[in-house]
Amino acid sequence: MSHQIISDLNQRYTVKKYDSGKRISSEELTIILEALRLSASSINSQPWKFIVVESDSAKQRLHDTFANKYQFNQLHAKEASHTILFAYDPQFTKGKFVKRVDAEVASGHLPEAMRDSFMGAYAFAEANTDEAGYNGTWTKAQVYLALGNLLHTLARLGIASTPMEGVDADLIGELFSEELDGHICEVALALGYADEEHDWNYGLPKARLPMEDVITVV
């Protein structure tokens with residue numbers, strides 16, 4: 001099949017070794033972060049924070065979060081050009097949703113007259129909120145929408161990436177507590193350029209199940 005989207009998805013893969021001497025340009029980083037900001041979420045809730053690890057000191061902090069486990073991902077902390085921490089709000093309240101609704105009105109997307117009725121969309125969050133106010137299972141799901149969006153964005157830009165659920169949420173919570181501001185990071189994305197000579201996963205054919213095994217048209 002010949003199409004740019006298919007080409008993008010065929011060429012992206014999970015990098016195992018980064019070239020530490022190559023860095024993403026500021027121009028491309030601007031595109032990446034804007035694409036991330038534009039990610040979809042249920043009821044436009046945007047219950048997230050994205051922490052961009054760029055400086056050497058921040059990379060050292062990230063490196064230190066692998067002290068207890070997932071050491072196989074530790075090398076990415078310093079070798080990748082950047083790492084983005086995808087963090088979700090474990091208690092996304094109706095008061096927080098107000099800020100999103102106000103942004104809808106301010107942008108012109110939502111008429112002022114519909115503001116109160118759109119507030120009713122918070123019912124989606126309430127349906128996933130327990131008695132203690134926790135709705136992290138729902139908000140974490142929104143983070144994966146942003147992750148998927150960014151994976152394709154990076155592929156389009158020719159920038160390599162490594163999604164990592166192998167991160168220590170507790171240590172990240174401690175060492176990046178100020179930046180997270182109560183949010184929880186359980187998945188991160190390293191990005192940069194592969195060390196093509198030493199990345200054992202580079203250049204291998206794509207391995208996916210056949211179309212008929214995973215898609216049913218009714």
Does [atom1] belonging to [X] count more than 12 external heavy atoms closer than 6.0 Å?
X: Met114; atom1: CE; result: no
X: Gln4; atom1: CD; result: yes
X: Lys16; atom1: NZ; result: yes
X: Phe118; atom1: CZ; result: yes

Once you round to the nearest 0.5 Å, how far does [atom1] of [X] lie from [atom2] of [Y]?
X: Arg100; Y: Met119; atom1: CZ; atom2: CE; value: 11.0 Å
X: Leu175; Y: Leu62; atom1: CG; atom2: CG; value: 9.0 Å
X: Thr162; Y: Leu191; atom1: OG1; atom2: CG; value: 8.5 Å
X: Ser81; Y: Asp19; atom1: OG; atom2: CG; value: 10.5 Å
X: Cys185; Y: Leu171; atom1: SG; atom2: CG; value: 11.5 Å
X: Gln11; Y: Tyr13; atom1: CD; atom2: OH; value: 9.5 Å

Item to complete: Please step through side-chain hydrogen bond (donor to acceptor under 3.5 Å, both in side chains) for the pair Tyr70 and Thr65, ending with a clear verdict.
Response: CA-CA 9 Å; Tyr70 305 122; Thr65 68; over 6 Å; no
Side chain proximity check, [X] to [Y], heavy atoms < 4.5 angstrom:
X: Ile24; Y: His82; value: yes
X: Ser57; Y: Gln60; value: no
X: His152; Y: Asp8; value: yes
X: Asn128; Y: Thr137; value: no
X: Val187; Y: Met164; value: no
X: Ile159; Y: Glu28; value: yes
X: Thr93; Y: Thr129; value: no
X: Phe97; Y: Phe92; value: yes

So, for [X] and [Y], which heavy atoms are closest and what is the spacing to 0.1 Å?
X: Leu180; Y: Ala87; result: CD2-CB, 3.5 Å
X: Ala188; Y: Thr83; result: CB-CG2, 4.1 Å
X: Arg115; Y: Leu110; result: CA-CD2, 4.0 Å

Report whether [X] and [Y] are members of the same hydrophobic cluster (ILVMFWY, side-chain heavy atoms less than 4.5 Å apart, transitive linking).
X: Phe66; Y: Tyr18; value: no
X: Leu33; Y: Tyr193; value: yes
X: Tyr144; Y: Ile184; value: yes
X: Ile51; Y: Leu151; value: no
X: Leu150; Y: Val143; value: yes

Worksheet item: Looking at His183 versus Tyr88, is the centre-to-centre ring distance below 6.0 Å?
Response: no
Heavy-atom donor-acceptor pair, [X] side chain to [Y] backbone, under 3.5 Å:
X: Thr139; Y: Asp89; answer: yes
X: Ser41; Y: Ser45; answer: yes
X: Asp130; Y: Gly133; answer: yes
X: Gln71; Y: Ala67; answer: yes
X: Gln91; Y: Ala132; answer: yes

Worksheet item: For residues Gln46 and Asn44, is any side-chain donor paired with an opposing acceptor at under 3.5 Å?
Response: yes
Discussion item. Under the salt bridge (Lys or Arg N to Asp or Glu O under 4.0 Å) definition, can you give me all pairs with a residue in residues 183-207, not counting sequence neighbours?
Written reply: Lys140-Glu186
Item to complete: Keeping to residues at least two apart or across chains, list the salt bridge (Lys or Arg N to Asp or Glu O under 4.0 Å) pairs with something in residues 56-84.
Response: Lys17-Glu79, Arg61-Glu179
Worksheet item: Which is it for Val15 and Asn201 under the side-chain contact (heavy atoms from CB on, under 4.5 Å) test, yes or no, and what are the steps along the way?
Response: CA-CA 7 Å; Val15 174; Asn201 207 26; over 6 Å; no
Discussion item. Would Ser39 and Leu145 count as a side-chain contact (heavy atoms from CB on, under 4.5 Å) here? Give the steps.
Written reply: CA-CA 7 Å; Ser39 295; Leu145 296 178; 5.9 Å; no
Practice prompt. Evaluate side-chain contact (heavy atoms from CB on, under 4.5 Å) for Leu147 paired with Leu189, printing each intermediate quantity in order.
Written response: CA-CA 8 Å; Leu147 178 61; Leu189 182 70; 4.1 Å; yes
Practice prompt. Under the side-chain contact (heavy atoms from CB on, under 4.5 Å) rule, what do Leu36 and Ile32 come out as? Steps first, then yes or no, please.
Written response: CA-CA 6 Å; Leu36 192 55; Ile32 290 165; 5.6 Å; no
Worksheet item: Angle class for the Phe50/Trp48 ring planes (parallel below 30°, perpendicular above 60°, tilted otherwise)?
Response: tilted
